[in-house]
Amino acid sequence: MKNRTNILFIAVILLSCSVIFAQGGQDGASGDTSYSAEKPLVMQIGNGVDDMNPQTIALKNFGEALKSETEGRVDYELFSNCTLGSDEEMVEMVRTNTLQMTEANLTIKDYVPQMYAFGLPFLFHSYADAYDYLSNSDTAKGIWAKLESDMNMRKVAIYLNGARALTTKDIEVKGPADLDGIKIRSMTSAVSQDTIQALGGTPVPMSYSELYVALQTGVVSGQDNGLSNVYSSKFYEVQNRFYKTEHGYTINVVYVNPSFYNTLTAEDQAIFDKLAKEYLEDQYSADMDLYYAEAEKSLKNAGMKIVEQKDMDMQSFFDSAYEMINAKYTTNQVYLDIVNDVKDFCNY
């Protein structure tokens with residue numbers, strides 16, 4: 001009698017587990033292949049910036065369009081401003097399907113060894129080249145495939161979230177030689193310090209929170225950040241020249257959990273892919289172009305001189321960067337392969 005009771009108990013447990021697995025652990029999560037407008041598949045999206053940020057707006061517009069074009073079969077919930085955790089934590093949540101979609105910096109972690117190489121200075125000479133390479137090169141396609149098969153992260157979209165630029169006060173810069181002996185703030189990472197050296201300056205590592213006062217007091221004479229940071233942090237008050245060196249790009253990638261994506265019907269996958277291109281790449285890029293134009297206008301109105309690449313010796317910057325990369329990074333075969341592959345693909 002006792003054995004029969006145990007068998008019955010085990011059977012009930014197994015049945016319960018089967019029901020939980022079939023439900024996917026939450027409304028509409030992976031495993032529920034019978035979703036409909038009455039029982040929608042719910043996609044939870046997380047990101048790390050506030051509701052007014054263009055990134056959040058793009059994700060919201062994507063979610064609304066997806067819900068509309070699938071006639072309510074796929075719904076969404078958006079959690080912005082690090083509500084669910086840091087970028088790193090949200091990526092891990094996507095990997096386990098606890099969260100279905102998020103965005104993160106391309107170099108946030110070396111899930112695939114080549115990923116850190118994309119942080120090297122002047123690896124790409126323009127954002128158009130970066131986007132083309134990361135979208136169409138065989139190497140990049142291999143990275144995305146490996147992320148999906150080995151790390152459970154499917155690439156949805158790629159977009160630029162700012163180009164790094166150099167700013168100084170009362171220092172005319174045409175090329176690296178003009179920054180010889182000049183103290184420039186860097187982030188604490190080795191590649192950031194090496195980047196400042198490639199620009200010609202002497203790196204002074206410090207946190208972002210210390211930067212304004214350091215510029216104000218002359219502890220450092222310059223720094224490198226994008227238009228939005230220079231404007232929002234009011235660096236124009238303590239710097240008067242902005243050089244569009246674009247020595248690095250903050251490239252974000254939107255990831256979706258593959259199990260969730262594969263739960264979608266072929267029809268809904270086609271809708272998903274179309275809207276991701278439309279809202280998370282094309283529309284976002286257009287919105288950011290307007291945003292950067294407004295930020296640049298504000299810097300000019302504040303008295304900052306904007307120096308275009310045509311007014312600098314960009315080749316000297318490229319040469320300096322490659323010299324540094326060859327000296328410090330090409331002993332690592334992974335970095336060497338990426339550098340050579342980018343050169344070949346982009347005809348540098």
Side-chain angles (χ1 to χ4, degrees), residues 88 104-127 129-130 133-134 137 139-140 142-143 146 160 162-168 171 173-208 210-211 214 219-226 243-253 309 312-348:
E88 293 91 340
N105 188 282
L106 175 63
T107 59
I108 193 171
K109 193 173 181 180
D110 61 338
Y111 290 107
V112 176
Q114 295 99 320
M115 293 180 75
Y116 275 155
F118 295 115
L120 293 173
F122 292 117
L123 180 67
F124 299 107
H125 295 183
S126 69
Y127 175 64
D129 286 347
Y133 180 87
L134 293 170
S137 73
T139 297
I143 290 172
K146 193 168 183 63
L160 173 67
R164 300 192 78 85
L166 173 73
T167 71
T168 65
I171 300 172
V173 178
K174 296 289 186 180
D178 297 315
L179 288 172
D180 185 31
I182 303 298
K183 294 180 180 179
I184 306 293
R185 178 262 179 177
S186 77
M187 293 182 286
T188 57
S189 68
V191 72
S192 177
Q193 295 181 57
D194 290 338
T195 295
I196 296 302
Q197 287 185 330
L199 291 174
T202 299
V204 180
M206 68 175 63
S207 68
Y208 190 79
E210 300 175 272
L211 180 52
V219 172
V220 292
S221 299
Q223 61 87 46
D224 72 317
N225 267 291
Y243 295 91
K244 291 185 177 181
T245 50
E246 297 188 6
H247 50 273
Y249 298 99
T250 304
I251 299 171
N252 277 31
V253 183
Q309 288 196 355
M312 293 180 279
D313 180 7
M314 292 307 301
Q315 190 61 50
S316 67
F317 282 118
F318 299 153
D319 292 343
S320 180
Y322 284 131
E323 183 179 347
M324 182 278 291
I325 291 169
N326 286 335
K328 295 189 175 183
Y329 290 92
T330 54
T331 53
N332 182 321
Q333 191 64 42
V334 170
Y335 283 78
L336 178 61
D337 289 346
I338 288 293
V339 170
N340 288 336
D341 194 54
V342 168
K343 284 182 177 180
D344 289 342
F345 185 88
C346 298
N347 295 315
Y348 293 158

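Looking at every heavy atom in both residues, P203 comes nearest to S186 through CB-OG, 3.9 Å. Taking each heavy atom of Y322 and L123 in turn, the nearest pair found is OH-O, 4.1 Å. Y116 and K109 make their closest contact through OH-CA, 3.9 Å (heavy atoms, listed as atom of the first residue, atom of the second, distance). The two residues S316 and D313 come nearest to each other via the heavy atoms OG-O, 2.6 Å. Of all heavy-atom pairs between S221 and I171, the closest is CB-CD1, 4.0 Å. Across all their heavy atoms, G119 and T107 have their closest contact at N-CG2, 3.8 Å.
In this structure the side chain of M324 reaches within 4.5 angstrom of the side chain of Y329, judged on heavy atoms. Side-chain contact between L211 and N225 is present, with heavy atoms from C-beta onward closer than 4.5 Å. The shortest side-chain heavy-atom distance between R164 and T195 does not fall under the 4.5 Å cut-off. Under the 4.5 Å side-chain criterion, counting only non-hydrogen atoms from C-beta, I325 is in contact with T330.
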Open item on the list: Using side chain to side chain contact (heavy atoms under 4.5 Å, CB included), reason through F124 and F118 one step at a time and then give a plain yes or no.
Closed with: CA-CA 9 Å; F124 299 107; F118 295 115; 4.0 Å; yes
TODO: For the pair V173 and T245, evaluate side chain to side chain contact (heavy atoms under 4.5 Å, CB included) and give the outcome as yes or no after the intermediate values.
DONE: CA-CA 10 Å; V173 178; T245 50; over 6 Å; no
Task: Full working for side chain to side chain contact (heavy atoms under 4.5 Å, CB included) between H125 and F318 - done: CA-CA 8 Å; H125 295 183; F318 299 153; 3.6 Å; yes
- [ ] Walk me through it: do M206 and V220 pass the test side chain to side chain contact (heavy atoms under 4.5 Å, CB included)?
- [x] CA-CA 10 Å; M206 68 175 63; V220 292; 3.9 Å; yes
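For the atom pair CD1 (I182) and CG (L199), the distance works out to 13.0 Å, reported to the nearest 0.5 Å. Taken from NZ in K174 to CZ in F317, the straight-line distance is 10.5 Å, to the nearest 0.5 Å. Considering CG of N252 and CG of L160, their distance stands at 9.0 Å, rounded to 0.5 Å. Separation of atoms CD1 (I196) and NE2 (H247) is listed at 5.5 Å; rounding is to 0.5 Å. The structure places OH of Y127 at 8.5 Å from CG of L134, a figure rounded to the nearest 0.5 Å. The CZ atom of F122 lies 9.0 Å from the CD atom of E246; values are rounded to the nearest 0.5 Å.
For Q193, the side-chain hydrogen bond (donor to acceptor under 3.5 Å, both in side chains) test picks out no residue, with sequence neighbours left out. When the side-chain hydrogen bond (donor to acceptor under 3.5 Å, both in side chains) test is applied to S189, no partner is found at least two apart in sequence or on another chain. Partners of N326 under the side-chain hydrogen bond (donor to acceptor under 3.5 Å, both in side chains) rule, at least two apart in sequence or in another chain, do not exist in this structure. Under the rule for a side-chain hydrogen bond (donor to acceptor under 3.5 Å, both in side chains), S320 has no partner lying at least two apart in sequence or in another chain.
Counting only residues at least two apart or on different chains, the salt bridge (Lys or Arg N to Asp or Glu O under 4.0 Å) pairs with a member in residues 177-206 are D194-K328. Sorted by first and then second residue, the pairs that involve residues 335-348 and meet side-chain hydrogen bond (donor to acceptor under 3.5 Å, both in side chains), not counting sequence neighbours, are D129-Y348, Y133-D341, T139-D341, Q333-D337.
Remark: E323 CD is loosely packed, at most 12 non-hydrogen atoms of other residues, nucleotides or ligands lying under 6.0 Å away.
S192 places no side-chain N or O within 3.5 Å of a backbone atom of T188 that could act as its donor or acceptor partner. Looking at Q223, its side chain never comes within 3.5 Å of a backbone N or O of I184 through a donor-acceptor pair.
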